[in-house]
Amino acid sequence: MEFVAARGDALLRTAALMCGARQDAEDVLQTALEKAYRHWGRIEPGSDPEPYVRRILVNLVISRSRRWKVLKEIHMARLPERPAASPEHAVELRGTLMDELRRLGPRQRAVLVLRFWEDLSEAETAQALGCSVGTVKSQASRGLARLRERLGTNLAPLGR
Amino acid sequence: MDLESELRQAMAEQVAGTTAPASLVADVKRRHRRRKARIHAAAGAAAATVAALALVPTYQSFRATPAGNPGTARTADGGPTLEQPERPPAPGSSASPSAKGEPRAGASSRPEAHPSAGRSADGPRKPGPGGVVDGLPGWITYIPDGLTAAGPCTVTGGAERETTTCKWRGSAGWLEIAMVKGSGLTGPRDLMKSPGLPGHTSVRGAPALTADRPGSGRQISWLARPGVGVTVSAGGSVETRLMRVAEGVRP
């Protein structure tokens, strides 16, 4: 419980960045913490439980995104409407960046959040995702490239 | 400023005001309790389903109609009842040849019959054709109500083809069950006594032939297993129970 009190905010922020919505993030975080609570005995005494909880969190977000994608494909006869980007919104580069981040696949989004929000190394990110370092490198590279591509002219002020 | 730095800044701004609710720990505990309760309920339901599935066949087997009706299955002279021969004889009663472990003439190796009240003094019968098997054979598990054994079952024929015949009569009509053992049996047609075109049916999965007997009654014949055939004939109102009787014959 001390762990939740100490790291709850950070975990919720990570979940919010990966999920894109606050309510979903809270729900996923509760599920992840419940799962970790159930299997708390698997954590070695004295070791930091955060990587274990973070891994559960990432797996849950990815699984949930996949499930929702299937449900959306089943239930939606036409593509969901996307809000039209207003000229004012276009200049708000960070807001556009976040919009584009949400449109990435769940795995690529998780890689970018863990690498650039949690500041995890490639090896730590690979451990959290349960994949190889090479996969993390390629996913991060592709995710950033896609962001650059989608941002298009909005990157001009950045000199890219 | 590059894209990575801009992304970091964007993410920091996005979640700047995000804090975990104070009830997070309580919510997690409540979710854990709910999950445990749900699992216990599911396990209970599964156990109840398995128990029900296991108990229904057992209950059905208890409910199965016993062979004959003890009240009507006695012979006119108060002879042996139509009980199943698997039941051990009462202590002190006259010992049957099978109870003594001696072979019975003309009968199969299975314990098939009880001795009649007056036959124990005759001692074990000698092997050979035309023997008599007393009481109700164990391979007959159902006799309709209202019938009384016309006499002990008889065994005729020789080693090549042995026929055990049991007969019942009563206000409900008459019934005759014949079990034929022989290596020459190739199909139910070999057992048919009635001329004419037989009808086709099945008894416990085995192909069977039915026919109307001249005069009265119907019969059904089938091979229960290779070399063992059965013919059940019935007349009167028992005719309607012919298939039920046939299903109860388990040689």
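Letters A, B, ... are given to chains in the order of the sequence lines, protein chains preceding strands, and every chain is numbered from 1.
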Check your understanding: Got A:L29 and B:L24 here, is their nearest side-chain heavy-atom distance under 4.5 Å?
Key -> yes
Heavy-atom distance under 4.5 Å to chain B: side chain of [X], backbone, both or neither?
X     : value
A:Y37 : side chain
A:R13 : both
A:L11 : neither

Exercise for review: Say whether, by atom type as modelled, one donor and one acceptor occur between the side chain of A:D9 and the main chain of B:T19 under 3.5 angstrom.
Suggested key: no
Practice item. Examine the side chains of B:R31 and A:T31 and answer whether a donor and an acceptor come within less than 3.5 Å of each other. Key: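 A:T31 and B:R31 do have a side-chain donor-acceptor pair below 3.5 Å.
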**Study point:** Nearest heavy atoms of A:R22 and B:P21, plus distance in Å
**Key:**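 That would be NH2-CD, 4.5 Å.
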Atom [atom1] of [X] and atom [atom2] of [Y]: how far apart are they, to the nearest 0.5 Å?
X     : Y      : atom1 : atom2 : answer
B:T18 : A:L17  : OG1   : CG    : 8.0 Å
B:L7  : A:E100 : CG    : CD    : 11.5 Å
B:M11 : A:F116 : CE    : CZ    : 7.5 Å
B:R35 : A:K35  : CZ    : NZ    : 8.0 Å
A:D99 : B:Q14  : CG    : CD    : 8.5 Å
A:E34 : B:R33  : CD    : CZ    : 11.0 Å

Practice item. Using non-hydrogen atoms and a 4.5 Å limit, figure out which bit of B:A12 sits close to chain A: side chain, backbone, both or neither. Key: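 For B:A12, backbone and side chain are both near chain A.
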Review point. Which bit of B:K36 is near chain A, if near means a heavy-atom gap under 4.5 Å: side chain, backbone, both or neither?
Key: neither
**Study point:** Verdict with supporting geometry, A:L97 and B:L3, side-chain contact (heavy atoms from CB on, under 4.5 Å)
**Key:** CA-CA 9 Å; A:L97 256 178; B:L3 180 62; 3.7 Å; yes
Considering residues, nucleotides and ligands other than [X], do more than 12 of their heavy atoms fall under 6.0 Å from its [atom1]?
X      : atom1 : value
A:R142 : CZ    : no
B:R8   : CZ    : yes
A:Q127 : CD    : no

